[in-house]
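Data first, discussion second: the structure below is written as structure tokens.
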Amino acid sequence: MNPTIQPLRGMNDVLPTDMPWWHFLEATAREVLDAYGYQEVRLPLLEQTALFKRAIGEYTDIVEKEMFTFADRDGDSLTLRPEATASLVRAAITNGLLHNQRHRLWTAGPMFRGERPQKGRYRQFHQIDVEAYGFAGPDIDAELILLSARLWQRLGISRVRLELNSLGTPESRRVYREKLIEYFSAHHELLDEDSRRRLHGNPLRILDSKNPALAECIAGAPSLADSLSTECREHFDGLQQALSDAGIAFTVNPRLVRGLDYYSRTVFEWITDALGSQNAVCSGGRYDGLIPLLGGEPTPAIGWALGEERIVLLLQELGITPPGVQPDVFVVVVGDRASRAGLAVAERLRDSNPGLKVHAGLGGGGFKAQFKRADKSGATVAVIIGDDEADRGVAQVKHLRMENAQETCAIAEVPARVAALLGAQAGR
RNA sequence: GUGGACGUAGCUCAGCUGGUAGAGCCCCGGAUUGUGAUUCCGGCCGUCGCGGGUUCGAGUCCCGUCGUCCACCCCA
């Protein structure tokens, strides 16, 4: 045997055992998004490296050390997308969606970041990403959050809580940033290594430090809220009012700052205590300044992304079982002559009802083995064909979940008999 | 990127201080003729992650490497 080839670090296969949870999440998300009038778009996985450098920020962790970047044959620098927002904005600009228009859009698919993997954190992971363009007021901020809350409710997810903050405008943030640098520089001797590194790159991140030694120093730092402009304050109040009206619980976390540079005003995060240290299951915010930064018409914009792997883990952790996919009918086939008849009967059943889930008992085995498989498959009804039946042009039909007598009928009658047995159960 | 734990049959794991691999589950067959539970009997399945080293001999010790998990970090 040849040596096996291992998969790449942090790149996972999703197998049939987990698929029901993925389908449940994706189907539910699609329904909820439809209900709010969001439209799907599909985007390339590869973009020019410059897109992400400009959008996410040169000095962010993502751009500095986590992107899968490589040169194509022409020497152009390409990057596997580490997130969807930049790509979606680029697509909106490319296709002229931002000229005095409003759009509610969503996209989903794999993202790539070269982080050290852990449960809930992978190098290829999947996001559902929702964005709205052209809406300036806090009402759309509220709608996007309500949408996510409705998704949790539809999925049956508990143990998530919402945290909010406002980062202000880029201008007020610049002022605040200077104040922070001044403050932390004055307490330079108290800072740890990480914080000193961030001091001039991204001092807001120091506020987010988990180092208990810094807690006191951080508590004394100037507050972002105090440097918000009147407009930003009103916007944030409007959002909080709308959420309260809708009965959505939240906490304002003044230390919630995002690792991507493009955010302004509203930022939020849905957090769970059920997944260890990868606790953010959905997060986003407003990025009014990003579109012009990427060469588009100035357009207000806001969005969020959820991590599909994290939601799937959470569903499983919470013991939420998605709807099953048991077959309706299992066709028991035993014998060479029977196998031809079995395939034909299975096809006839599918013809009779396109939604019917028919599992053909291929692969041999005796009656005992076939019935074991039929039982295990969860099928409701068995259609039984041995060589004996095949020779006589008949089949036997049996309900596997009720104490009914097994009946013999002509092949042509099988779909009607099966339908009757399935209907009998549905009626109970 | 830093620190730590781990990597033995398809799955979950056991293998004490080094002597050439085990259990349960799963799967297959059988317990009188073509029928699903349970029980019983039997069977299949292992480059002990990979590569080096020490040793008469390594799953067991050492080094490297790949991967998983946990914390940090980061974030979805």
Side-chain angles (χ1 to χ4, degrees), chain A residues 1-12 15 17 56 60-66 81-85 108-130 148 160 192-195 197-198 202 205 208-212 256-260 267-272 275-284 303-314 330 332-335 338 361 363-379 381-390 396-401 403 406:
Chain A
M1 268 211 290
N2 291 320
T4 57
I5 295 175
Q6 288 195 329
L8 262 22
R9 160 179 275 206
M11 307 264 177
N12 299 121
L15 298 177
T17 40
I56 299 169
T60 57
D61 281 11
I62 292 176
V63 170
E64 278 184 338
K65 49 197 189 196
E66 294 174 0
R81 61 181 186 191
E83 56 117 38
T85 300
M111 310 294 159
F112 303 85
R113 292 183 200 171
E115 297 186 275
R116 183 130 164 203
Q118 217 170 298
K119 191 202 280 188
R121 182 220 259 179
Y122 308 105
R123 290 189 165 194
Q124 174 173 339
F125 61 102
H126 297 77
Q127 288 188 338
I128 296 175
D129 185 83
V130 186
S148 58
V160 289
D192 58 17
E193 196 188 332
D194 278 342
S195 301
R197 185 170 47 77
R198 289 175 185 141
N202 195 348
R205 293 222 54 86
D208 209 19
S209 172
K210 287 178 192 165
N211 185 347
L256 180 63
V257 296
R258 310 310 325 287
L260 295 77
V267 292
F268 63 91
E269 205 161 77
W270 287 97
I271 293 169
T272 180
L275 294 181
S277 64
Q278 308 311 317
N279 62 355
V281 294
C282 172
S283 65
W304 56 249
L306 68 77
E308 294 196 61
E309 281 83 356
R310 290 184 185 178
I311 300 292
V312 166
L313 285 167
L314 186 55
F330 191 104
V332 169
V333 181
V334 182
F367 282 90
K368 191 186 185 80
Q370 288 268 328
F371 269 91
K372 273 189 183 172
R373 279 180 226 161
D375 188 43
K376 208 161 196 175
S377 77
V381 171
V383 172
I384 302 136
I385 302 176
D387 282 342
D388 190 30
E389 285 82 1
Q396 303 201 48
V397 180
K398 179 180 187 178
H399 201 294
L400 293 170
R401 315 292 157 194
E403 295 294 326
Q406 184 167 318

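Keep in mind it's a predicted model, so treat the numbers as computed, not measured. Side-chain atoms are counted along with the backbone in the values below, which use heavy atoms only and exclude waters and symmetry mates.
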Separation of [N] [atom2] from [X] [atom1] (nearest whole Å):
X: A/Leu313; N: B/C75; atom1: CG; atom2: C1'; result: 15 Å
X: A/Phe367; N: B/G34; atom1: CZ; atom2: C1'; result: 4 Å
X: A/Ile56; N: B/C75; atom1: CD1; atom2: P; result: 11 Å
X: A/Arg123; N: B/A76; atom1: CZ; atom2: P; result: 17 Å
X: A/Ile385; N: B/U35; atom1: CD1; atom2: C1'; result: 15 Å
X: A/Phe371; N: B/A37; atom1: CZ; atom2: C1'; result: 14 Å
X: A/Leu15; N: B/G10; atom1: CG; atom2: C1'; result: 12 Å
X: A/Arg373; N: B/G29; atom1: CZ; atom2: P; result: 7 Å

Give me the atom names and distance for the closest heavy-atom approach of [X] to [Y].
X: A/Ala374; Y: A/Leu400; value: CB-CD1, 4.1 Å
X: A/Gly378; Y: A/Arg401; value: C-NH2, 3.4 Å
X: A/Ile384; Y: A/Phe367; value: CG2-CE2, 3.8 Å
X: A/Glu308; Y: A/Ala108; value: OE2-CB, 4.4 Å
X: A/Phe125; Y: A/Phe112; value: CE2-N, 4.2 Å
X: A/Arg9; Y: A/Arg123; value: O-CD, 3.2 Å

Under 4.0 Å, counting only non-hydrogen atoms across every strand here, what does [X] touch: a base, just sugar-phosphate, or nothing?
X: A/Val334; result: nothing
X: A/Lys65; result: nothing
X: A/Gln370; result: nothing
X: A/Ala382; result: nothing
X: A/Ala305; result: sugar-phosphate
X: A/Ile128; result: nothing
X: A/Phe330; result: nothing
X: A/Asp387; result: nothing
X: A/Gly335; result: nothing

Quick one: the side chain of [X] and the base of [N], do they pair up donor-acceptor inside 3.5 Å?
X: A/Arg9; N: B/U68; value: no
X: A/Gln406; N: B/U35; value: yes
X: A/Glu389; N: B/G34; value: yes

**Asked** Does A/Gln118 have a side-chain nitrogen or oxygen under 4.0 Å from the phosphate oxygens OP1 or OP2 of B/A71?
**Response**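 So the side chain of A/Gln118 is within the cut-off, an N or O lying under 4.0 Å from OP1 or OP2 of B/A71.
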From the set [options], return the single nucleotide nearest to any side-chain atom of [X].
X: A/Ser277; options: B/C72, B/G67, B/G36; value: B/C72
X: A/Arg116; options: B/C28, B/G36, B/U2; value: B/U2
X: A/Asp375; options: B/A76, B/A37, B/C28; value: B/A37
X: A/Lys119; options: B/G1, B/C69, B/G36; value: B/C69
X: A/Gln396; options: B/G67, B/C75, B/U35; value: B/U35
X: A/Lys368; options: B/G34, B/C69, B/G36; value: B/G36
X: A/Arg310; options: B/A76, B/G36, B/U35; value: B/A76
X: A/Pro117; options: B/C28, B/C69, B/C75; value: B/C69

Please give the distance between the [atom1] atoms of [N] and [M] as a whole number of Å.
N: B/G34; M: B/U39; atom1: P; answer: 24 Å
N: B/C28; M: B/C66; atom1: C1'; answer: 35 Å
N: B/G4; M: B/U12; atom1: P; answer: 26 Å
N: B/C50; M: B/G29; atom1: P; answer: 32 Å
N: B/G18; M: B/C56; atom1: P; answer: 15 Å
N: B/G22; M: B/A9; atom1: P; answer: 14 Å
N: B/C6; M: B/C61; atom1: P; answer: 10 Å
N: B/C69; M: B/G46; atom1: P; answer: 27 Å

Provide the Watson-Crick or G-U wobble partner of [N], both distances under 3.5 Å; none if there is no partner.
N: B/U47; value: none
N: B/U55; value: none
N: B/C40; value: B/G30
N: B/G1; value: B/C72
N: B/G67; value: B/C6

**Message:** Go nucleotide by nucleotide along RNA chain B from the 5' end; which of A/Arg113 and A/Gly366 gets its closest nucleotide reached first?
**Reply:** A/Gly366
**Prompt:** Hey, which of these two, A/Leu400 or A/Asn279, hits RNA chain B nearer its 5' end, going by closest nucleotide?
**Reply:**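 In this pair, the answer is A/Leu400.
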**Asked** Taking A/Arg113 for the side chain and A/Pro82 for the main chain, is one N or O donor matched with an acceptor at less than 3.5 Å?
**Response** yes
**Request:** Apply side-chain contact (heavy atoms from CB on, under 4.5 Å) to A/Thr85 and A/Asp129, showing your working.
**Result:** CA-CA 7 Å; A/Thr85 300; A/Asp129 185 83; 3.8 Å; yes
**Request:** Please name the residue in the list A/Lys119, A/Glu309, A/Arg310 that meets the side-chain hydrogen bond (donor to acceptor under 3.5 Å, both in side chains) test with A/Gln278.
**Result:** A/Arg310
